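In this text the structure is predicted, and so the values were computed from the model without any measurement.
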Amino acid sequence: MKLPYITYAKNAFMRLQGCKVEKLKTYCGAKQPYNFSTLLHSNIFPYIIGPKNALAALLVLSSAAAYAQNDRKSMGDETVIIVTGYKPKLSDAVKIDVVPVQENINTAKPEITYKIPAFIYNTEPFKAKLSAPTLKQGPVSELHHHYAKLMFGNYADVNGEYIFNTLRNKNSLFTLHGKHHSGNGPVKDSRFSENMIDAFGKRVFSGHSITGNLGYQRLANRFYAQIPGDSITDADSTKQRFNDIYFNTKFARANADTGKFQYGADLGIYNFSDFYKTGETGFRIGASGVEPFRGSRIYADASYQYWKYRTDTSIDRGLLRLAAGYKFIVNGFRADVGIKTASDETFHFYPNAKLEADIIAKYLTLYGGITGNIQENTFRQFAYENHFIASDIRLKNTNEKLNLFGGAKGSFSNTSTFAVGLAYKNYKYLPFYLNDSVDKRRFNVLYDSNTNVFNVHAEAGLSIMENFILGAAVNLNSYNLSTLTKAYHRPNFDAVITGRYNIANKIGIGADLFFAGKRYGGTWLKDSASNTYKLTDYDLGNIIDLNTNISYAFGGNAKGLKAHLELKNILGTQYQLWNFYPSRGFQITGGLSYSFL
């Protein structure tokens, strides 16, 4: 299962590894995208437990960001922690789960959406942009057509992956990616499986590019909640299965002169369904443009999204977004000033301004700003975040009415980075998961009518001897709720400490230690005296999760045969991913990978 507050730490660490993080997915160079949240906050987390999502607030995210490497560089054999962000996009939530180190597989991996089963903990990434210390890079290695990986572990874990891609070509690229992961959960009848296949292509022609990907993902798991006094009479009632078919394409001006007008357009569609015939179809179309103007830039973006949510009845939803702004530099200050609007059930208007200045060149930058946003909430997003979601839930977008932020970032030397920041946010309809009053194995989504969140984050990164990186991040969150009594499944504190060591481009060692403060679950219990249901809180306690991984390349760093060993939840701590859903204990997984022409 995924824990929303750990997403920050996870994504933060992914950035440290040179990965690009977008919503529920992360992309790491030529490798597949990983989901931090999958490990910590995912339904699979109980099985695969390993905190790597990100820090609960912006702090955890910060740490990862600080260590993020240049997207064009590889971490070599370092371990990469993966965690996913809380789908409702709460800025201050964090989750705890750890994913094994990511390796350089010498395959051109497209940016595809890869979602992980719900046995892992989730967190949201910090949005800081730091120049991160990197490990020493060797010459560009030979690209291979094929990459295969197969690993086995306790809990009957089977993890297989295959990637095919064309060789380096500046005008075209094709990649086919398949993955299987299955295993048992922490208790009887808690098995899960996940299968994914995705085809990606890119073509550059006449100064333009077109990209597209078509994929299918299937996730299956059981509602294995451990509820006192509860017994299962119908095994089929615990089954869950999600099917997701999706297609995305984008057209843009490629390698255009920065002094000329640049533009792009994108289109996406998906069909998502569960075992109980609940379904959702989503559609998105967007366009953007940037016009240079006297050394500055004027930009505009527009998009329209449509969803049809099908249960016993059908609900149609739409969201139109428009944004425009002006980016310029004046008197040493970098500024971005504009507006954003959104229209769903009502019309929303947000200022969008950010100011940044280098106080000490290369060492200290101060920034601050104000903005807002509409965060779409869909059945698909909630299901990927929490695999134990009920089939019939209420869907409302979250209105981030105000996001006031400021902080500092920079470096102490050429081998270190840091970031500290404060943020105050006001939300309308912020989502929280609570157990259903009738079937407590499933979760409903409740929205707080007015939520104020104050976040403090801090992060730091250090690169030592060109082959060792060390990072840490922390988030503190304070929730002021108006409707609910607790910020359910969201911790007020989360932190991550992570390190990666590369020995002679043959041995990669990684370790991650995740923390999450006290969390609460909640459900309605019937009061026999009043014959009414009352909301009852459950103390889920803290989370501490230690993970490590080791890889050894027999024929070199980025090609040939490589052995892998991953240890998760080394301390064997027993904690709940979601209310009534325990996590896995100690896990050990080992196997081989091979890249070849």
Side-chain angles (χ1 to χ4, degrees), residues 10 13-14 16-19 26 28-36 38-39 44 47-52 74-83 97-107 109 114 116-117 119-120 135 141 144 146-163 177-183 194 196 467-469 498-513 545-570 584 586-596:
K10 150 193 156 187
F13 184 73
M14 293 303 295
L16 282 180
Q17 303 304 314
C19 301
T26 58
C28 305
K31 192 90 170 87
Q32 78 187 61
Y34 289 85
N35 221 318
F36 235 47
T38 298
L39 300 177
I44 283 184
Y47 308 116
I48 307 173
I49 226 83
K52 332 179 132 186
S74 167
M75 287 294 296
D77 294 322
E78 296 79 39
T79 299
V80 172
I81 299 178
I82 301 162
V83 189
D97 184 21
V98 173
V99 175
V101 175
Q102 179 171 317
E103 61 178 305
N104 178 351
I105 60 174
N106 276 329
T107 52
K109 190 74 181 68
Y114 176 63
I116 303 177
F119 292 110
I120 303 170
L135 298 184
S141 56
H144 294 155
H146 308 274
Y147 170 82
K149 185 176 183 179
L150 184 62
M151 299 183 70
F152 300 92
N154 61 341
Y155 290 95
D157 257 19
V158 178
N159 201 329
E161 180 180 14
Y162 170 76
I163 298 175
H177 181 206
K179 188 173 178 66
H180 168 82
H181 184 201
S182 61
E194 180 256 0
M196 183 273 290
N467 58 356
F468 176 67
I469 61 172
T498 184
R500 298 292 181 271
Y501 186 43
N502 184 353
I503 304 175
N505 284 334
K506 292 183 68 68
I507 301 176
I509 302 173
D512 309 285
L513 180 61
D545 201 318
L546 175 63
N547 301 261
T548 188
N549 54 72
I550 302 173
S551 64
Y552 178 80
F554 292 96
N557 177 50
K559 63 181 180 180
L561 185 65
K562 182 177 291 187
H564 306 267
L565 178 65
E566 300 169 359
L567 305 178
K568 302 172 184 175
N569 197 6
I570 296 174
R584 281 177 167 183
F586 172 73
Q587 299 153 67
I588 179 171
T589 306
L592 299 172
S593 67
Y594 188 64
S595 56
F596 54 99

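Residues Ile503 and Ile509 form a side-chain contact, since some pair of their non-hydrogen atoms from C-beta on lies under 4.5 Å apart. Side-chain contact between Asp545 and Ile570: absent, with no pair of heavy atoms (C-beta onward) separated by less than 4.5 Å. Two residues are said to be in side-chain contact when any heavy atoms from C-beta on lie closer than 4.5 Å; Thr589 and Phe152 fail this criterion. Side-chain atoms of Met196 and His177, non-hydrogen and from C-beta on, do get closer than 4.5 Å to each other. The closest side-chain heavy-atom distance from Leu561 to Leu592 is below 4.5 Å.
For the atom pair Leu565 CG and Ile588 CD1, the distance stands at 5.0 Å (nearest 0.5 Å).
The aromatic rings of His146 and Phe596 sit parallel to each other, their planes meeting at less than 30°, with 60° as the upper class boundary. Between Phe554 and Tyr552, the ring planes lie perpendicular to each other; the angle is over 60°, past the 30° to 60° tilted range.
When every heavy atom of Phe586 is checked against every heavy atom of Tyr155, the shortest pair comes out as O-CE1, 3.4 Å. Counting all heavy atoms, side chain and backbone alike, His564 lies closest to Ser593 at NE2-OG, 2.8 Å. Between Gly510 and Thr548, the shortest heavy-atom distance links the atoms O-OG1, 2.7 Å.
Counted by atom type alone, Lys149 and Asn159 present zero donor-acceptor pairs between their side chains at under 3.5 Å.
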(request) Would you sort out whether Asn154 and Asp157 count as a side-chain hydrogen bond (donor to acceptor under 3.5 Å, both in side chains), showing the intermediate values? (result) CA-CA 6 Å; Asn154 61 341; Asp157 257 19; over 6 Å; no

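Checked by atom type and distance alone, the side chain of Asn547 pairs as donor or acceptor with a backbone atom of Asn569 at under 3.5 Å. A donor-acceptor pair under 3.5 Å is absent between the side-chain atoms of Lys568 and the main chain of Gln587, judged by distance alone.
For Ser182, the side chain to side chain contact (heavy atoms under 4.5 Å, CB included) partners are Val158, His180, Arg191, Ser193, not counting sequence neighbours.
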